[in-house]
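Worksheet for the structure shown next.
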Amino acid sequence: MNSVADILLDWYAREGRDLPWRRTRDPYRIWLSEVILQQTRVAQGTEYYLRFTERFPDVASLAAAPEDEVLKLWQGLGYYSRARNLHAAARQVVERFGGRFPVALEEVRSLRGVGDYTAAAICSAAYDAPCAVVDGNVYRVLARLFDLDAPIDSTAGKRAFAELAQSQLDTAHPGRYNQAIMDFGALRCTPSSPRCEACPLAGQCLALAAGTVAARPVKQGKTRVRDRWFNYLHVSSGDRTLLHRREGRDIWQGLYEFPLIETEEPAELPELVRLPQFRELLGDAPWHLVRSIPLPKHQLSHQTLHAVVHRIETLSLTPAAAAMAVPTAALGDYAVPRLIDRYLIKYQI
DNA sequence: AAGCCGGGGCC
DNA sequence: GGCCCAGGCTT
C-alpha cells in the first residue's frame with residue numbers, strides 16, 4: 001500500500017496536470033500528442049496538438065494531406081523528421097491497417113517515428129496495455145529513487161532502466177501510472193531544485209539518502225556545437241521571389257528557404273558573386289543589391305548559424321531561377337525555418 | 001555505439 | 001554557455 005507506485009498514483013490524483021490528450025482514449029490523438037512531445041516541453045507542444053487535431057481530426061485526414069501542408073502546420077516546432085514520419089505513418093495506417101489504428105504493441109511500434117517510448121505510451125494510454133514508458137522524466141525519477149549511476153545514453157544503461165521501469169509498473173493501472181511517473185518527473189522530481197525535503201518519496205529515495213540527487217541521472221555524451229555560415233540570396237523579380245526546398249540529410253529537410261550559398265567562413269558579396277552557384281542563379285542579366293542584412297545569430301542544439309540575407313532585385317530570371325520562383329504573396333504558404341520566418345516578419349515580406 | 005536532428009526555457 | 005525537454009533514425 002506504500003509502494004512507490006501507490007505514492008506516485010496518489011500524488012498524481014492530487015497534483016497531476018489536466019492535459020487535452022488525457023481527455024481522450026483515441027489512439028490517433030494520443031499518438032499525435034506523443035510525437036509532438038518527443039524532445040519537446042508540454043508548454044511548447046500543446047498549441048501544436050490543438051492545431052493538428054482541429055485540422056486533422058482523424059488519421060484519414062492526415063494521410064490525405066500533402067506533406068507540405070503537414071510541415072507548414074509543424075513550422076516552428078523543430079525536429080521536422082517527426083512531421084514527415086507522422087505523415088508517412090498516417091499513410092501506413094491507411095494502407096496496412098485499413099485506416100484503423102493498430103492495437104498490438106509490435107504493430108504500433110512498426111509505424112514510422114514510433115520507437116519504444118512512443119509505442120508504450122500509446123498502448124498504455126489508449127488500451128491500458130502493461131507497457132512501462134521510459135522517457136527523460138522516468139530516467140530521472142528512477143535514477144534518483146534507486147541511485148543508479150548507469151549512463152542513460154549507453155545501451156546497457158537503457159536496458160537496465162527499461163527493465164527497472166517495467167518492474168515498477170502498476171499493472172492494474174498502466175495508463176495512469178505512466179502518466180503519473182512522467183508528471184512527477186516534470187513537476188516534482190525536476191532536473192534542478194527538486195525540493196526533496198517536501199517530496200512524498202523522500203523516505204524511499206536512495207539518491208536523497210546518499211546525497212547524489214543532483215548527480216542523477218548520469219549522462220556520458222557531450223554535445224559539440226559547430227559554426228556554419230549561411231549566405232542567403234533573397235532574389236525578387238517583379239512579383240515573384242526565389243524559394244528553394246531543402247533536401248538531403250541536413251537540418252530543415254523539406255522546409256523552404258531562399259537560395260543558399262554556404263561557406264566555410266564569413267563571406268562578402270563580391271566573393272559570392274564569383275561562385276558558380278551565384279552565376280547559375282543570376283546569370284548575366286543585370287541585377288542590383290538592395291542591401292545586405294546580417295541576421296541575429298541562430299542557435300540550434302548542435303549548430304550555431306551565422307546567416308546573412310542579400311536582397312537582390314533583377315529584371316529577368318535564368319531558367320534555373322525561374323524554376324524556383326513563387327509569387328511573393330504566397331510566401332506565407334511555405335514551411336520555413338524559424339530563422340527565415342523571423343526575417344520575413346521583421347521586414348514585413 | 002555514436003551522431004544527427006530544432007527550438008525554447010532555465011540556470 | 002550548458003543542460004534539458006513525453007525520442008527516433010541513420011550510419
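Sequence lines set the chain letters: A, B, ... in the order given, protein chains first and strands last, and positions in each chain run from 1. No experiment lies behind these values; they were computed from the predicted model shown.
- Using a 4.0 Å heavy-atom cutoff across all strands shown, A/Q75 reaches no nucleic acid atom at all.
- In this structure, CG of A/D116 is placed 13 Å from P of C/dG7, rounded to the nearest angstrom.
- Comparing the P positions of B/dG8 and C/dC9 gives an interatomic distance of 24 Å, to the nearest angstrom.
- Within 6.0 Å of atom CD in A/E265, 12 or fewer heavy atoms from other residues, nucleotides or ligands are found, so the atom counts as exposed in its surroundings.
- Ion pairing between a basic and an acidic side chain is recognised when a charged N comes within 4.0 Å of a carboxylate O; A/D10 and A/R14 show such pairing.
- Under the ring pair (Phe, Tyr, Trp, His ring centres under 6.0 Å) test applied with A/W74, the options A/F52, A/F56, A/W252 reduce to a single match, A/F52.
- Separating the P atom of C/dA6 from that of B/dC11 is a span of 15 Å, rounded to the nearest Å.
- Straight-line distance from the CZ atom of A/R140 to the C1' atom of C/dA6: 11 Å, rounded to whole Å.
- Among the protein residues, A/W31 comes within range of no part of the nucleic acid, since none of its heavy atoms lies under 4.0 Å from any strand.
- Spacing between atom CD1 of A/I152 and atom C1' of B/dA2 amounts to 15 Å, rounded to whole angstrom units.
- Rounded to whole Å, the distance from CD on A/Q92 to C1' on C/dG8 is 14 Å.
- Remark: the separation of the C1' atoms in B/dG9 and C/dG8 is 23 Å, to the nearest Å.
- As judged by a 4.0 angstrom heavy-atom cut-off over every strand, A/T118 is placed among residues touching the sugar-phosphate backbone only.
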At under 4.0 Å between heavy atoms, how does the protein contact nucleotides 5-11 of chain B? Give one character per nucleotide, 5' to 3', with B, S or -. BBBB--S

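- The interatomic distance linking A/Y139 (OH) with C/dC5 (C1') rounds to 14 Å, in whole Å.
- Within the 4.0 angstrom heavy-atom criterion, no nucleotide atom of any strand lies near A/D153.
- In this structure, A/R112 and A/L37 both approach DNA chain C, and ranking their closest nucleotides by distance from the 5' end singles out A/L37.
- Of all the residues in residues 99-107 of chain A, not one reaches under 4.0 Å from DNA chain B with any non-hydrogen atom.
- In this structure, A/V225 reaches neither bases nor backbone, as no heavy-atom distance under 4.0 Å exists between it and the strands shown.
- Here A/R245 pairs with A/D68 in a salt bridge; the nearest charged N to carboxylate O distance falls below 4.0 Å.
- The separation between A/Y49 atom OH and C/dA6 atom C1' is 14 Å, rounded to whole Å.
- Both the sub-6.0 Å distance and the 45° axial angle are not jointly satisfied by A/R100 relative to the ring of A/F97.
- Note on A/R84: nothing from the nucleic acid sits closer than 4.0 angstrom, heavy atoms only.
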What's the verdict on salt bridge (charged side-chain N to carboxylate O under 4.0 Å, His left out) for A/D333 and A/K72, showing C-alpha distance, side-chain angles and the deciding distance? CA-CA 7 Å; A/D333 296 340; A/K72 180 62 186 176; over 6 Å; no

